[in-house]
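Heavy-atom basis, side chains included; hydrogens, waters and symmetry copies ignored. Throughout, residue positions are numbered sequentially from 1 according to the sequence presented. In each ligand, atom 1 is the first atom listed, and ligand 1 is the first ligand listed.
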Amino acid sequence: MNRELYGKLIFELSKPGRRGFHIADNHLPQTNALPSELLRQEPLDLPEVDEPTVVRHYTNMSTNNFGVDTGFYPLGSCTMKYNPKINEEMAAHPAFTHLHPDTPASAVQGALKMYHDLQLALSEIGGMAEFTLNPYAGAHGELTGLMVIRAYHDSRNDSARVKVIVPDSAHGTNPASAAVAGLEIVEVKSRPDGTVDVDDLRPLLDETVAAVMMTNPNTLGIFEKNIPEIARLVHEAGALLYYDGANLNPMLGVARPGDMGFDVMHINLHKTFSTPHGGGGPGAGPVGVRAGLEQFLPSPKVVKNADGTYSLVCDDSSLGHVSAHLGNFGVEMRALAYILSLGKENLSKVGPLATLGANYIKESLKDLYLLPIEGVCKHEFVFDGLIDKSTGVTTLDIAKRLLDYGYHAPTIYFPLLFHESLMIEPTETESVDTLDDFIAVMRKIAEEAASDPEMVKTAPHNTPISRPDDTEAALHPVVKYE
Ligand SMILES: *Cc1c(COP(=O)(O)O)cnc(C)c1O
């Protein structure tokens, strides 16, 4: 559909004089009438629409949205798994939704117990001494974790540590969080097998390094086997090792960052723990620390007393508040519902199933799509576009064509190590039928790229709008009626 017509159908609906309401004259005396100088002289310039038009506008808009409840969403690095509805039911319980955040701790013991239970569960899963649930997102967790690391070095009067080392495969939030925490960024290279090059890392480690941030499995879906050695080198240099937990999913209940030698970590509840990804929120990025760093975690903390009651505590050694109250409480309750409904035994099946699905797709497509790193991947993997580059069909074109078939596009052009990155993560919540359908469509697109490249290059053809200018849309979004 062309853009102008689409805009007319769902945006420009106003007709002069059309009303969605009628207020009857109540014939009451105007005793408390506002002074006339405060009254609006001109009518407010609002769209003039009737009620059915408004309802249809919003309902149509909602059906143009793509979510994990509408279709397969193989977005690499983001773990877009199905969000079980029991999470919603638990979080929507009036015992939680009717709480005021300023209610005294003595009157919200149940809510504090839930918060504390999730803290304990995450500490067990991460192999950490203590967790805070207060940060609002993964990136916010990174910032909080780096602030903990700074507080640790400051407490030892070791203030020359101003650098954070991140791999060249790192997510953009890693260097961004380091910059916001007032630290300098140094990049370490990956080897051809996709793992961090220990020989490149060694000479970078000195008394100016505060932390090394790593993701494991990394953003190529490859398990970093050398973590114990890297942890030894980092600790010998007096720095701390940070775990970006965005890729915790394949390790859930199987391996623990704390056991590998990581000192500080965050978890993205909206990824691994099946809570919704919002448009920038609400999410949650709990931060865990190993023993000896607990005192620096943000305030308030939920502490269990000897008599079994719970208190909110703000310590002097804490780095202070990073969020209002206890973070996104509703998100935390969804994650707790997920953990409790799976239980310990099933939690450890998540990673192997996610890994199986990713390898199944990878092996089923690698004769048509370029696989730069051979071998077993974890929960996700990266293709470098089509093998046949002669048609000029790019990763962007493939991603756009997938929309025509009703799939959300994979992550594209990330990681930055390859020119045509196409990063696929199926997650454990998808059936083999969904994976088979997706594989068939990916094969079909490769065929189309060879037989009719123009058609693929001009995709999508079946969506309400075709190829918006992403940069223009981000810089100058039109979000209101004009
Ligand atoms: C998603 C992601 C982040 C950032 O997490 P948000 O919750 O989106 O802020 C950091 N690192 C990696 C590897 C990620 O995939």
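Remark: minimum distance from atom 1 (C) of ligand 1 to any protein heavy atom is reached at K271 NZ, 1.5 Å. Atom 6 (P) of ligand 1 has as its closest protein heavy atom G138 N, 3.5 Å. Scanning all protein heavy atoms for the shortest distance to atom 9 (O) of ligand 1 gives A139 N, 2.8 Å. Nearest protein heavy-atom contact of atom 11 (N) of ligand 1 is D244 OD2, 2.6 Å. Atom 5 (O) of ligand 1 has as its closest protein heavy atom N268 ND2, 2.9 Å.
For ligand 1, the atoms lying closer than 4.0 Å to a non-hydrogen atom of A246 are 2 (C), 11 (N), 12 (C), 13 (C), 14 (C), 15 (O).
Residue C78 has no N or O atom closer than 3.5 Å to an N or O atom of ligand 1. Considering backbone and side-chain N/O of N174, none are found under 3.5 Å from N/O of ligand 1.
The number of heavy atoms from other shown groups lying within 6.0 Å of CD (E236) is above 12. When the shell of 6.0 Å around CG of L99 is examined, it contains more than 12 heavy atoms from other residues, nucleotides or ligands. The environment of K389 atom NZ is dense: over 12 non-hydrogen atoms of other residues, nucleotides or ligands sit within 6.0 angstrom.
Remark: T208 engages K163, D206 in a side-chain contact (heavy atoms from CB on, under 4.5 Å) (not counting sequence neighbours).
Around atom 4 (C) of ligand 1, the closest heavy atom drawn from T219, T173, N218, L269 belongs to T173. If you check each of H270, E142, H140 against atom 8 (O) of ligand 1, the one with the closest non-hydrogen atom is H270.
Under a 4.0 Å N-O distance rule, the pair K349/E345 qualifies as a salt bridge.
A side chain to side chain contact (heavy atoms under 4.5 Å, CB included) with D200 holds for exactly one of K189, R191, E187; it is K189.
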Walk me through whether R401 and D404 qualify under salt bridge (Lys or Arg N to Asp or Glu O under 4.0 Å). CA-CA 5 Å; R401 185 64 181 143; D404 278 336; 2.6 Å; yes
